[in-house]
Amino acid sequence: MEEGGGGLSGFLCQVGRPAKLVLQGGGQSPGGGRPSLSAEAVGTGVAVSPRARSPSSPEGTETRYGSGGRAGSRGQELCRTSLPPASQAATAPAAATGKKAGGRAAREVCEWKEPEELKSLLDLELQSHGETQEKILERCRAVIHYSVKTGHPRFFNQLFSGLDPHALAGRIITESLNTSQYTYEIAPVFVLMEEEVLKKLRALVGWSSGDGVFCPGGSISNMYAMNLARYQRYPDCKQRGLRALPPLAIFTSKECHYSVNKGAAFLGLGTDSVRVVKADERGKMIPKDLERQISLAEAKGAVPFLVSATSGTTVLGAFDPLNAIADVCQRHGLWLHVDAAWGGSVLLSQTHRHLLDGIQRADSVAWNPHKLLGAGLQCSALLLQDTSNLLKRCHESQARYLFQQDKFYDVALDTGDKVVQCGRRVDCLKLWLLWKAQGRQGLEQRINRAFALSQYLVEEIKKREGFELVMEPEFVNVCFWFVPPSLRGKQESLDYSQRLSQVAPVLKERMVKAGSMMIGYQPHGAWGNFFRVIVVNPMLTHTDIDFLLDELERLGQDL
């Protein structure tokens with residue numbers, strides 16, 4: 001497909017030239033002496049060249065922006081616009097806000113616009129008549145221009161960040177082939193590939209056999225586990241529905257993901273069926289209180305059936321004590337599900353996998369490689385220890401037009417009846433290509449490097465006046481307050497906590513409108529708003545971490 005050609009082929013080549021995938025013969029991938037794959041996203045201004053790196057060398061990655069800007073310079077912008085009047089006093093000279101000599105931003109990842117203005121710029125209304133390819137190309141470029149580029153190394157906002165070129169290649173292939181994962185008939189390569197990838201993930205959990213499926217996100221994976229646990233206990237519910245059920249009780253930590261409540265509501269169990277177990281000061285479920293909550297539920301006539309533990313909580317990054325929780329589940333005959341959507345990838349690290357000790361005792365595990373591994377949204381696996389075909393028995397409908405039993409191949413390869421969906425996108429290829437390119441060792445280095453960089457951030461926070469850790473992290477969630485000059489030394493003031501809680505929202509607005517970075521913030525329990533930096537992007541360097549702290553100081557110097 002040649003760039004600039006006529007027809008649809010030429011058009012596709014021009015849409016921001018989103019990915020030139022180039023095999024670099026002179027480079028080596030972290031896994032060995034193979035050529036490395038680079039992605040030059042010309043339309044988005046990023047060229048990424050992976051180089052071999054070790055956990056102790058966070059600087060070992062080259063990232064180029066725009067027309068020569070480097071990831072380590074202050075000229076990179078996540079969103080470019082002017083600061084509002086209230087924050088202009090904190091504005092640094094032009095060199096610090098991403099302006100080149102020619103006045104253009106060195107790196108536009110997202111240009112912030114208010115909703116009404118953005119609507120007018122994009123012209124979102126759908127018309128009766130089609131537009132020319134030139135106009136459509138212009139619209140595609142506008143979509144890219146005004147979207148947040150989550151691959152930027154200063155996007156710390158979510159539990160995912162980064163653009164792995166191998167996973168990107170997988171996404172391009174998947175979208176181009178446009179097939180569904182439900183039968184071997186139309187997805188022979190991907191049916192076999194999914195099982196191989198799931199087998200590898202199960203082995204990392206500690207299972208030599210089992211089942212599983214890729215789901216559209218960790219929330220759905222958690223919901224599947226809840227449905228399977230209910231069906232295993234009360235198989236009649238598939239036909240008779242809630243009439244076949246006594247009042248049921250689910251147990252999870254107060255630090256759990258909100259999808260546990262959503263799943264209970266969606267499955268008709270109701271949010272009242274979710275019993276909240278206390279967590280300690282680090283955000284870990286307290287097994288003793290789990291035991292107490294089970295007894296309380298039984299005393300009130302409810303039937304306990306599921307415990308959902310968490311490996312890597314969303315805010316604090318806590319890992320529940322799985323062995324102790326498994327002991328409780330074993331005593332009471334309860335299904336143990338582990339929501340490891342965030343923390344599951346730590347299993348790849350020999351250094352840090354102890355955080356998930358006991359996960360092999362779970363009945364089911366949710367794991368999102370699109371987070372810490374950078375496999376790209378969406379890539380979420382539900383893993384089961386079950387070998388009785390429970391997944392299929394729970395969900396199958398035996399549609400005869402699709403899952404015929406007299407096909408000319410082994411119909412066990414038609415996996416679509418295991419899931420609630422009919423059409424199901426291929427999510428395994430991204431992870432398969434990423435793993436093939438990086439190898440187990442390369443993926444382990446990625447995990448260890450994220451831990452090393454988060455520890456670097458922690459040590460730098462401790463050195464600086466005006467920064468206060470919420471707690472020492474055990475994962476890559478680094479939570480802290482920025483204390484502006486006006487509040488330093490005033491911790492005894494009656495309104496100190498209230499005023500400190502107002503700092504993060506103000507700084508969040510300033511950083512987004514200045515375009516320099518994105519960091520999430522939230523209140524938590526009795527604590528007022530604090531920042532939560534997620535150290536996950538494989539392109540991050542010490543320079544980016546230093547910039548993060550410098551920029552908070554710059555944006556908050558007048559508060």
Would you give me the side-chain donor-acceptor pairs under 3.5 Å for residues 314-330, sequence neighbours excluded?
unit_1: D320; atom_1: OD1; unit_2: M285; atom_2: N; d: 2.8
unit_1: D320; atom_1: OD2; unit_2: T310; atom_2: N; d: 2.8
unit_1: N323; atom_1: OD1; unit_2: R361; atom_2: NH1; d: 3.2
unit_1: D327; atom_1: OD1; unit_2: R361; atom_2: NH1; d: 3.0
unit_1: D327; atom_1: OD1; unit_2: R361; atom_2: NH2; d: 2.8
unit_1: Q330; atom_1: OE1; unit_2: R361; atom_2: NH2; d: 3.1

message: The test is side-chain contact (heavy atoms from CB on, under 4.5 Å); show your working for K418 and R424 and say whether it passes.
response: CA-CA 11 Å; K418 290 183 176 183; R424 184 163 68 92; over 6 Å; no

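- More than 12 heavy atoms of other residues, nucleotides or ligands lie within 6.0 Å of CZ in R331, so this atom counts as buried by the packing criterion.
- Contacts of L126 classified as side-chain contact (heavy atoms from CB on, under 4.5 Å), with partners at least two apart in sequence or in another chain: none.
- Under the salt bridge (charged side-chain N to carboxylate O under 4.0 Å, His left out) criterion, E196 pairs with no residue at all, not counting sequence neighbours.
- Not counting sequence neighbours, the partners of M223 by the side-chain contact (heavy atoms from CB on, under 4.5 Å) test are I220, F266, L267.
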Give the table of side-chain donor-acceptor pairs shorter than 3.5 Å for residues 168-176, with sequence neighbours excluded, one pair per line with atom names and distance.
unit_1: T174; atom_1: OG1; unit_2: G170; atom_2: O; d: 2.9
unit_1: E175; atom_1: OE2; unit_2: R425; atom_2: NH2; d: 3.1
unit_1: S176; atom_1: OG; unit_2: I172; atom_2: O; d: 2.7

task: Tell me, with the steps shown, if I359 and W207 meet side-chain contact (heavy atoms from CB on, under 4.5 Å).
output: CA-CA 10 Å; I359 194 170; W207 302 333; over 6 Å; no

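- Residues V307 and T252 are not in side-chain contact: their nearest non-hydrogen atoms beyond the backbone lie 4.5 Å or more apart.
- The closest side-chain heavy-atom distance from R353 to E444 is not below 4.5 Å.
- The stretch residues 223-246 participates, sequence neighbours left out, in these ring pair (Phe, Tyr, Trp, His ring centres under 6.0 Å) pairs: Y224-H395.
- The side-chain contact (heavy atoms from CB on, under 4.5 Å) test applied to K254 returns V276, A279, not counting sequence neighbours.
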Which donor-acceptor pairs under 3.5 Å do side chains of residues 237-250 form with protein atoms, sequence neighbours excluded?
unit_1: K238; atom_1: NZ; unit_2: R393; atom_2: O; d: 2.8
unit_1: K238; atom_1: NZ; unit_2: E396; atom_2: O; d: 2.9
unit_1: R243; atom_1: NH2; unit_2: R240; atom_2: O; d: 3.3

- prompt: Can you check side-chain contact (heavy atoms from CB on, under 4.5 Å) on F214 and L198, steps first, answer last?
  reply: CA-CA 8 Å; F214 278 94; L198 291 170; 3.8 Å; yes

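- The two residues M518 and V512 come nearest to each other via the heavy atoms CG-CG2, 4.1 Å.
- Inter-residue side-chain proximity for F475 and W342 is flagged as met; some heavy-atom pair is nearer than 4.5 Å.
- Applying the side chain to side chain donor-acceptor pair (under 3.5 Å) criterion to S311, with sequence neighbours excluded, gives no partner residue.
- When all heavy atoms of V277 and I286 are compared, the closest pair comes out as CG1-O, 3.7 Å.
- With sequence neighbours excluded, the residues forming a ring pair (Phe, Tyr, Trp, His ring centres under 6.0 Å) with H352 are F451, listed by chain and number.
- Within 6.0 Å of CG in D272 there are 12 or fewer heavy atoms belonging to other residues, nucleotides or ligands.
- Residues W435 and V197 fail the side-chain proximity criterion, which asks for heavy atoms closer than 4.5 Å.
- Partners of N222 according to the side-chain contact (heavy atoms from CB on, under 4.5 Å) rule, which considers only residues two or more places apart in sequence or in another chain, are S259, H337, D339, A366.
- A search for salt bridge (charged side-chain N to carboxylate O under 4.0 Å, His left out) contacts involving R275 returns nothing, not counting sequence neighbours.
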